[in-house]
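Each remark here refers to the structure printed beneath this line.
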Amino acid sequence: MHSRSSELFRAAQKRIPGGVNSPVRAFRNVDGEPFFVERAEGSRIWDVDGNEYIDYVGSWGPAILGHAPKAVVDAVRETATRGLSFGIPNSLEVELAELICQWMPSIEKIRMVNSGTEAAMSCIRLARGFTGRDKIIKFDGCYHGHVDALLVKSGSGALTHGRPDSAGVPKDLAALTISLPFNDVDLVRKAFRENEIGAVILEPIPANAGLYFPREGFLSTVRDECTKHGALLIFDEVMTGFRVARGGAQEIYGIKPDLTALGKIIGGGLPVGAFGGRAEIMDQLSPDGPVYQAGTLSGNPLAMAAGLAQLRELERIDGWNKLEKLGAQFEDRARDAIAPAKAGITFHRIGSMFCLFFAGGPIVDLAGAQRSDLKAFARFFHACLKRGVYFAPSQFETGFISTAHSSSDVERTVVVMREAITEIAR
Ligand SMILES: *Cc1c(COP(=O)(O)O)cnc(C)c1O
């Protein structure tokens, strides 16, 4: 196929490993080649060959207001005229810190970093420094960025590429990480009985191995076990934070973690992460405490301005309410569209996050997600893409609706899904 995208991809492969700067973008899981973006606005993306797509990836989460929202672009533009980076404290850092602490009350103090990976990594170091214990518990399929200690039975790209453990991660380090099936409280209790645990890290709503949900009582049991044994509970809300509700998943489930990792939405599309929690723990960070953590570009003014503008705009337009309504419409219509599918498809949704598993339900953990028919998913993906609907190019990712999606986008998408289901049945 001669297209500008495939020319660019060939050039990229010569100079960038796999032609991409993050593995899932390579479309390997759907046996394809990525398209290259020309521009994006609202719910739409245009590629360099002039094709238009309704986008349900939203830059993998940050684009909750859609692409290039005016409020965010204006804030970045205005801030840029006063300097791009200072490495000196600026008022926007304080404003964003105050806003996040107000919306997520478990966070009394917060520090800005540059990615979700950095946020999760820093939470682990801080928890180990605070408790003086090295062992941590994570859950199969939960992804916390490409942190050495957390690349054990992890989700996202690490999962779809069939290499749950990365080369280059020391065995001795991985040995300090216990990975358990999500939603299994008995195994959590057992692990606590048999080990001195410093911290438990989890995605309260796992969204990097498809999308599934905590069973009733799971999160509160983990919370209780941590409290009982003096371990810290870390919620990785890099994806769910400010998306599923103003106060994140911790607000929905009413659980107070000790530390929270954030990212994606809080940067409004610029590279940002953050981690925060109880003041007593956060005060262990340098320069006050013995746990070292730093960043040349952390608290970057453009990133802070973008994040602030995005969060304020979300609140101004009552974004979460809007997203729930749109999500409900999508769910209702999508369930109709997939009903004729021969093989079972399990549809999961919370607010503006959704996933279509090409497997029968119920799906409550990684093992369930892995029952999916990946070939059928790949065919469905391509059938939708060629009709102008861009879902994530992997079964093990979550779809996102933005406030820029319209009812008619949803209706168009459902028509496409219906045609795709018919096509792949042939
Ligand atoms: C995306 C994600 C990360 C990693 O964030 P990066 O900015 O890609 O480093 C960590 N945890 C969760 C839950 C994520 O969804």
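First listed ligand is number 1; within each ligand, the first listed atom is number 1.
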Query raised in the report: Against heavy atoms of S115, which atoms of ligand 1 measure under 4.0 Å?
Result: 7 (O), 9 (O)

Query raised in the report: Taking the non-hydrogen atoms of K264, is any one of them nearer than 4.0 angstrom to ligand 1?
Result: yes

Requested in this report: Please determine if D258 and R223 form a salt bridge, counting it only when a charged side-chain N lies under 4.0 Å from a carboxylate O.
Outcome: yes

Query raised in the report: Is it true that D55 and R44 make a salt bridge, defined as a side-chain N closer than 4.0 Å to a carboxylate O?
Result: no

**Report entry** Under-4.0 Å heavy-atom contact with ligand 1, by part of N208 that carries it
**Finding:** side chain

Requested in this report: Give yes if a backbone or side-chain nitrogen or oxygen of G116 is under 3.5 Å from a nitrogen or oxygen of ligand 1, and no if not.
Outcome: yes

Query raised in the report: Is E237 touching ligand 1 with its side chain, its backbone, both, or neither, if touching means heavy atoms under 4.0 Å apart?
Result: neither

Report task. For this output row, return yes or no: ring centroids of Y56 and H405 closer than 6.0 angstrom. Result -> yes

Query raised in the report: Given the side-chain rings of F354 and F400, with only the six-membered ring counted for Trp, is the space between their centroids under 6.0 Å?
Result: no

Query raised in the report: What about the rings of F357 and F347, do their centers lie closer together than 6.0 Å?
Result: no

Query raised in the report: Does R4 pair with D49 as a salt bridge, N-O distance under 4.0 Å?
Result: no

Requested in this report: Look at E225 together with K228 and state whether they make a salt bridge at an N to O cut-off of under 4.0 Å.
Outcome: yes

Query - Atoms of ligand 1 close to D236 [distance to a heavy atom under 4.0 angstrom, numbered from 1] - result: 10 (C), 11 (N), 12 (C), 13 (C)

Query - Element-labelled atoms of ligand 1 that are located less than 4.0 Å from some non-hydrogen atom of M239 - result: 15 (O)

Query raised in the report: Relative to ligand 1, is E203 under 4.0 angstrom through side chain, backbone, both or neither, heavy atoms considered?
Result: side chain

Requested in this report: Consider every N or O of H144 and every N or O of ligand 1, then say whether any pair is closer than 3.5 Å.
Outcome: no

Query raised in the report: Can you tell me the protein heavy atom closest to atom 8 (O) of ligand 1 and the distance?
Result: T117 OG1, 4.5 Å

